[in-house]
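Everything below concerns the one structure shown next.
These numbers come from the heavy atoms of this one structure, side chains and all, not from hydrogens, waters or symmetry mates.
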Amino acid sequence: AYFPSASIAWRFVDEKFMKNVSFLNEGKLRVGIGATGNNRIPAYSMYTGLDVNRASGYSIGNSPEIGVIPVTLGNPNLKWESTVQSNVGLDLSFLKDRITLTTDYYYKKTKDLLLRATLAPSMGFNYAYRNVGEVSNSGLEITLNTENVKTNNFTWSSSFNISFNKNKVLALNDDEPSLATSILWGNFNNAYPYIAVPGQPIALFYGYLFDGIYQYDDFDKSGSIYTLKNDIPNNGTPRENIKPGDIKFKDINGDGVVDDYDLTIIGNPNPKHIGGFNNNFRYKDFDLSIFFQWSYGGDILNANRIEFEGGGPNTRTFLNMFASYADRWTPNNQTNKLYAVGGQGPTAYSSRTIEDGSYLRLKTVSLGYTLPVSK
């Protein structure tokens, strides 16, 4: 494969109509377009994989002999995944370069994605690597550098950057309506926390909508036996196993049963914008650097809550068993925040542990002193 690119720039500050604009030291408009490639999939994926396995071999003279069976389906038509990106940029400098501004708008489209595509059961294989699917990314990046103070003994300069990015799944395998992805994590291996849907951002969180906790009013009582009322949906486990204090999920389609048809998008991990702000100070031989970093608008899956509040593959029993654990449901503390001990319901992800991942972090503080050099 080949991946061409081209770019052009116009330094308009040199034009005659800009001669009287004294405060502008630099003005440049940039336009570029180019393609890049990606081939990062397991080696030899174009070939069918064979397994030498005595257990599946042949019996000759009552002695098992080694047989060879195909285990993965190759694809000799694999080619490079390609991304075409276009970019428009503007570079400005003001007041003898004390203020510089750089802005870039980009759009890139990736096609022929190298994906492990699901195959029809009649093929005899679960998946094969194929060139399928398309994804787009577009965004705006802004960088502002300023020299705020400059004297013989003291200087202060700042650098600010912010980036906005939007991505979208354009197509999946053979017009597949969605593609769910699991995480290899204990007994959650068969649950799918991420989903890709054409027309939506990539890697959305997928699961049930948390709907509180089952209370005593949701049950009919006969002696010491509590039976879930007929008009109250289950939570993905058999109705007869549900008890007061168990977790409740929303029955989205209203059929009275919580099942795979009630799984939905429960969060978006893609932030609206990210950025950083750095300040550098110098006083005589001392220098100080302070760097802030942030991300805004992206969700996170707080797996710590699954692990420590009960329901995870390695639940910390000593924490799970504390009835006084903050906001945990008990007969004397009928909360709607945290289910009772052992009341986590089916192995499933839900909006209960999806949280706002926005943050502002003081990432780096550096103080230095320059030793004088003797002459």
Are side-chain heavy atoms of [X] and [Y] found at a separation under 4.5 Å?
X	Y	value
Leu78	Leu114	yes
Leu228	Asp218	yes
Thr100	Leu92	no
Asp211	Lys248	yes
Asn173	Leu179	no
Glu240	Thr227	no
Gln215	Ile213	yes
Leu362	Ile290	yes

For [Y], is there any backbone N or O sitting under 3.5 Å from a side-chain donor or acceptor partner on [X]?
X	Y	result
Gln85	Gly34	no
Asp251	Gly256	yes
Ser222	Ile225	no
Lys166	Ser136	no
Asn137	Lys168	no
Thr110	Thr83	no
Asp262	Asn253	yes

Within 6.0 Å of [atom1] in [X], more than 12 heavy atoms from elsewhere:
X	atom1	value
Tyr359	OH	yes
Tyr261	OH	no
Phe12	CZ	yes
Asn230	CG	no
Asp260	CG	no
Met46	CE	yes
Tyr44	OH	no

* To do: May I ask you to check whether Phe292 and Phe277 place their ring centers less than 6.0 Å from one another?
  => no

* **Centroid separation Phe205 to Tyr194 less than 6.0 Å** => yes

[X] to [Y] - nearest heavy-atom pair and separation:
X	Y	result
Ala196	Leu172	O-CD1, 3.5 Å
Gly276	Trp294	N-CZ3, 3.4 Å
Ala191	Ser182	O-CB, 3.3 Å
Tyr214	Trp329	O-NE1, 4.2 Å
Pro70	Thr48	CB-CG2, 4.0 Å
Leu95	Asn25	N-OD1, 3.2 Å

From [atom1] ([X]) to [atom2] ([Y]), nearest 0.5 Å:
X	Y	atom1	atom2	result
Asn126	Leu73	CG	CG	11.0 Å
Asn39	Ser45	CG	OG	10.0 Å
Tyr216	Lys221	OH	NZ	8.0 Å
Arg328	Glu309	CZ	CD	7.0 Å
Ser158	Phe281	OG	CZ	6.5 Å
Arg352	Tyr339	CZ	OH	4.0 Å

* Could you please spell out the steps behind the side-chain contact (heavy atoms from CB on, under 4.5 Å) verdict for Lys109 and Val84? => CA-CA 5 Å; Lys109 181 178 179 181; Val84 177; 5.6 Å; no

* To do: Begin with the C-alpha distance, continue with both residues' side-chain angles, and end with the deciding distance and a verdict on side-chain hydrogen bond (donor to acceptor under 3.5 Å, both in side chains) for Asp356 and Ser358.
  => CA-CA 6 Å; Asp356 184 3; Ser358 302; 2.8 Å; yes

Electrostatic pair [X]:[Y] at N-O distance under 4.0 angstrom:
X	Y	result
Arg130	Asp174	yes
Arg30	Asp104	yes
Asp112	Lys79	yes
Lys19	Asp14	no
Arg305	Glu355	yes

Is there a donor-acceptor contact under 3.5 Å linking the side chains of [X] and [Y]?
X	Y	result
Asn278	Ser159	no
Asn333	Thr335	no
Asn270	Asn167	yes
Ser289	Asn280	yes
Thr146	Asn148	yes
Glu147	Trp156	no
Asp97	Ser93	yes

* To do: Measure from NZ or CZ of Arg116 to the centre of the six-membered ring of Tyr129 and say whether it is under 6.0 Å with the direction within 45° of the ring axis.
  => no

* Asked: Checking side-chain contact (heavy atoms from CB on, under 4.5 Å) for the pair Ile142/Leu101: CA distance, chi angles, key distance, verdict?
  -> CA-CA 7 Å; Ile142 301 173; Leu101 176 67; 3.8 Å; yes

* To do: Specify whether Phe23 and Phe94 have parallel, tilted or perpendicular ring planes, treating 30° as the upper limit for parallel and 60° as the lower limit for perpendicular.
  => parallel

* Stepwise, does the side-chain contact (heavy atoms from CB on, under 4.5 Å) test hold for Ile242 with Phe219? -> CA-CA 10 Å; Ile242 300 174; Phe219 297 82; 4.0 Å; yes

* Sort out for me which residue in Val258, Ile252, Ile266, Thr264 forms a side chain to side chain contact (heavy atoms under 4.5 Å, CB included) with Tyr208. => Val258

* Option among Leu263, Asp259, Asn235 that satisfies the side chain to side chain contact (heavy atoms under 4.5 Å, CB included) test with Phe249 -> Asn235

* So Asn234 and Val257, side-chain contact (heavy atoms from CB on, under 4.5 Å) or not? Walk me through it. -> CA-CA 6 Å; Asn234 72 337; Val257 177; 3.8 Å; yes

